[in-house]
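Take a look at the structure set out below.
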Amino acid sequence: MKPYKILKHQNPKPFILIPHQRSLFSALSSSTSDQSQSPSSEISPDVLVESARSSQWHFIKHLSPNLDSSLISTVLFNLHKTPELALQFTSHVEFHRLDIKTRCLAIAVASRLPSPKPTLNLLKRTVSSDIAGVAVIFDELALARERLGISTTILFDFLIKACCEMKRVDEGLECFYMMKDKGFIPKIETCNALLSTFLKLNRTESAWVLYAEMFKMRIKSSVYTFNIMINVLCKEGKLKKAKDFIGFMENLGVNPNVVTYNTIIHAYCSRGRVEGARFVLNAMRSKGIQPDSYSYSSLISGMCKDKRLEEASEMFEKMKEMGLVPSAVTYNILIDGYCNEGDLGKAFRYRDEMVEQGILPTVSTYNMLVHALFMECKMDEADDLVKEMEEKGLAPDQITYSILINGYSRCGNVKKAFSFHDEMLTKGIQPTRITYTSLIYALSKRNRMTEADNLFEKIMKKGVAVDVIMFNALIDGHCANGNMERAFSLLKEMDKLNVPPDDVTYNTLMQGHCREGRVEEARELLDEMKRRGIKPDHVSYNTLISGYSRRGDMKDALRVRDEMLSTGFNPTLLTYNALIQGFCHNQEGDIAEELLKEMISKGITPDDSTYLSLIDGMGNIDQSVESCNSC
């Protein structure tokens, strides 16, 4: 008979004894066996405190549904000298079930931690739960502060900051005034958070009201405060005042820094005032503050927008000579500038240079280059670039797909455009309004109007906010296909959806009528657009002139030309071509020749269409002469 083999347990778990009147086992048993009694009344705070100290979190979490706020509050108070432990306890007792008083005590205890993140997180959870308004939360935090003997006002500062991070700035401002009423002075960082949030929300007037209040309360502004207010002035377009503000801050003993000047430089450049930005750059240098990469990038951006690409490139080289390292953003600015000018060679050279410098092209870099290739209908090269982008581990984004779909739509490849639409959906990327407009445009140009209408209905059901550009694409398709009834039903739908039509809408409808020879109806549309406050443009008048000319009604055509002149529009090449064609068709070649002389005297160069009309007109005259001779 073989002896029994004794199995030994590996690494046995220690049994923890709790030296209290009731063990964890008995506490746990009472919470699960007798639900008729109040389990929380059977559990002492000491048991919970000791459980927390011995990391018995599973036990605490199990009891959590049966613990009332009063018991939790006592435990939190007993743990307040070890805030890390108190925070862990809070995370295991279902914070969302606590009453406002206990929540605020937990927040007050957490405020003793070195990092503000846990406190701000708890505050945001409390404010967003709408368990109480910020005024009540403020008062409860004040009581918790007194109970814990906290001497600072940091809790109220945290509450304001939490409101700012949630973009609930008015509630933050309410807390600011409550602090003021209690004689507490908010920290300058707190005030900056409020000012910065007002700035982000474009509420510049509110920022000034708060700044004036800070001044009255003698809250000393920091350089960050002044930078925010200078940004406010820039956003309001008050660039001179922004520059003057530097003197104001210096008088108060606060020296501007590179951010101060960069804010003003960026504002000047974004408004196309590059020379003003150069002046600020020089003033910055005279104060001993060296421009950084952002300073030069702003200037380069301003120059590119102003189509001063050579100057931008020179500034870029100067920046590198000074030892400043360009970022991907700087390279992208130059790439975008040259792409917009159609100089793809230079754009790709900058892309290659950034790679050589060890700067990885971004998704934005590829988006700009792909878009530029599509503008020149270089679809194969655009496809290759997208493949290269993916090979480098860069995932196409919403903008990439919009560019691809728009590009293939414009180049007439509807199948490819829809394949990219399907691909973006499978990747969880939602098409934009621009994406859908491109698809509608592509279908319209292919005379696939039923599909275009179906797609439009699908978009509406999805809740996508349709705009005038999308309506115009659909109206244009129906007008081009002779379905004026559907085109006008879409105009009515625009009114129902409060999407105001524009000059393009009416010009498209006018062109549709003129194609069918219904010029009077087109004329009525011109009058209607005026009544609606939509100003007719060159296209509006040229459409009518062309319509009357094709019909041979040259008196009406000239009348519209005169109306066009009286509204401040000069005739264009299209105006003269339409009139010349009409007079030639009516065998009035002498008037056509006079118009030719007039257009040349006005600096308008005739094109092939002009001369073809004149040649046809001369042919018609010869035929008429022959007909008369044969009579």
Side-chain angles (χ1 to χ4, degrees), residues 339-340 342 344 347-348 361 363-484 486-487 489-490 493 504-505 508 511-512 515:
C339 281
N340 290 334
L344 286 179
F348 273 97
V363 174
S364 295
T365 315
Y366 282 101
N367 285 347
M368 289 183 285
L369 292 167
V370 170
H371 180 256
L373 288 168
F374 270 117
M375 291 299 286
E376 297 190 8
C377 274
K378 294 181 177 179
M379 291 175 281
D380 291 338
E381 290 177 53
D383 266 344
D384 291 341
L385 204 57
V386 173
K387 286 173 188 171
E388 179 191 308
M389 172 185 174
E390 291 177 316
E391 284 167 8
K392 290 185 180 293
L394 294 172
D397 61 5
Q398 196 179 55
I399 296 169
T400 317
Y401 280 108
S402 292
I403 290 167
L404 290 167
I405 290 166
N406 183 58
Y408 279 109
S409 297
R410 299 283 165 182
C411 294
N413 194 335
V414 182
K415 186 177 179 181
K416 192 90 171 179
F418 271 94
S419 73
F420 278 116
H421 167 259
D422 296 339
E423 185 181 311
M424 73 187 293
L425 286 175
T426 58
K427 290 184 178 180
I429 302 171
Q430 286 304 309
T432 64
R433 189 167 53 201
I434 296 167
T435 314
Y436 284 123
T437 303
S438 298
L439 291 169
I440 286 172
Y441 174 87
L443 291 169
S444 298
K445 290 301 172 187
R446 290 284 175 176
N447 303 330
R448 292 161 63 175
M449 296 314 301
T450 303
E451 290 171 78
D453 279 334
N454 290 340
L455 178 60
F456 183 74
E457 290 302 317
K458 185 180 175 183
I459 294 163
M460 295 280 283
K461 285 176 184 174
K462 277 190 172 186
V464 177
V466 294
D467 63 359
V468 65
I469 300 170
M470 188 183 291
F471 269 109
N472 286 347
L474 198 55
I475 288 170
D476 181 58
H478 283 293
C479 286
N481 284 280
N483 191 349
M484 295 303 295
R486 173 61 180 151
S489 74
L490 286 165
E493 197 166 342
V504 176
T505 316
T508 305
Q511 287 163 358
R515 279 193 203 100

For this session: Quick one: do R486 and N481 satisfy side-chain contact (heavy atoms from CB on, under 4.5 Å)? Show the steps, please.
Result: CA-CA 10 Å; R486 173 61 180 151; N481 284 280; over 6 Å; no
Problem set entry | Residues K461, E457; criterion salt bridge (Lys or Arg N to Asp or Glu O under 4.0 Å); working and verdict | CA-CA 6 Å; K461 285 176 184 174; E457 290 302 317; 5.9 Å; no
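Distance check: I434 CD1 to I469 CD1 gives 7.5 Å after rounding to the nearest 0.5 Å. Separation of atoms SG (C339) and CZ (F348) is listed at 7.0 Å; rounding is to 0.5 Å. To the nearest 0.5 angstrom, M460 atom CE is 5.0 Å from E493 atom CD.
Annotation: salt bridge (Lys or Arg N to Asp or Glu O under 4.0 Å) contacts involving residues 396-419, sequence neighbours excluded, comprise D383-K416. Listed by first and then second residue, the salt bridge (Lys or Arg N to Asp or Glu O under 4.0 Å) pairs that reach into residues 433-450 are R433-D467, K445-D476, R448-E451, sequence neighbours excluded. Pairs passing the ring pair (Phe, Tyr, Trp, His ring centres under 6.0 Å) check and including a residue from residues 367-387, sequence neighbours excluded, read F374-Y408.
In M449, the CE atom is crowded: over 12 heavy atoms of neighbouring residues, nucleotides or ligands sit closer than 6.0 Å. Counting heavy-atom neighbours within 6.0 Å of K427 NZ, excluding the residue itself, gives a total above 12. The 12-atom threshold is exceeded at CG of L344, counting heavy atoms of other residues, nucleotides or ligands nearer than 6.0 Å. Dense packing is recorded around CG of D422, with more than 12 heavy atoms of other residues, nucleotides or ligands lying under 6.0 Å away. In this structure, L394 places its CG atom where more than 12 heavy-atom neighbours from other residues, nucleotides or ligands lie under 6.0 Å away.
The two residues A347 and L369 have their closest heavy-atom pair at CB-CD2, 4.0 Å.
Judged purely by distance below 3.5 Å, without hydrogens or angles, the side chains of T432 and T435 pair a donor atom with an acceptor atom.
At a threshold of 4.5 Å between non-hydrogen side-chain atoms, the residues F471 and T508 do not count as touching.
The side-chain hydrogen bond (donor to acceptor under 3.5 Å, both in side chains) search around T365 returns N332, T362, not counting sequence neighbours. In terms of the side-chain hydrogen bond (donor to acceptor under 3.5 Å, both in side chains) criterion, residue partners of E388 (sequence neighbours excluded) are, by chain and number, R351, Y366. Every residue meeting the side chain to side chain contact (heavy atoms under 4.5 Å, CB included) condition with I459, not counting sequence neighbours, appears here in chain and number order: Y436, I440, L455, V464, V466, M470.
Using modelled atom types, no side-chain atom of S438 and backbone atom of S409 make a donor-acceptor pair closer than 3.5 Å.
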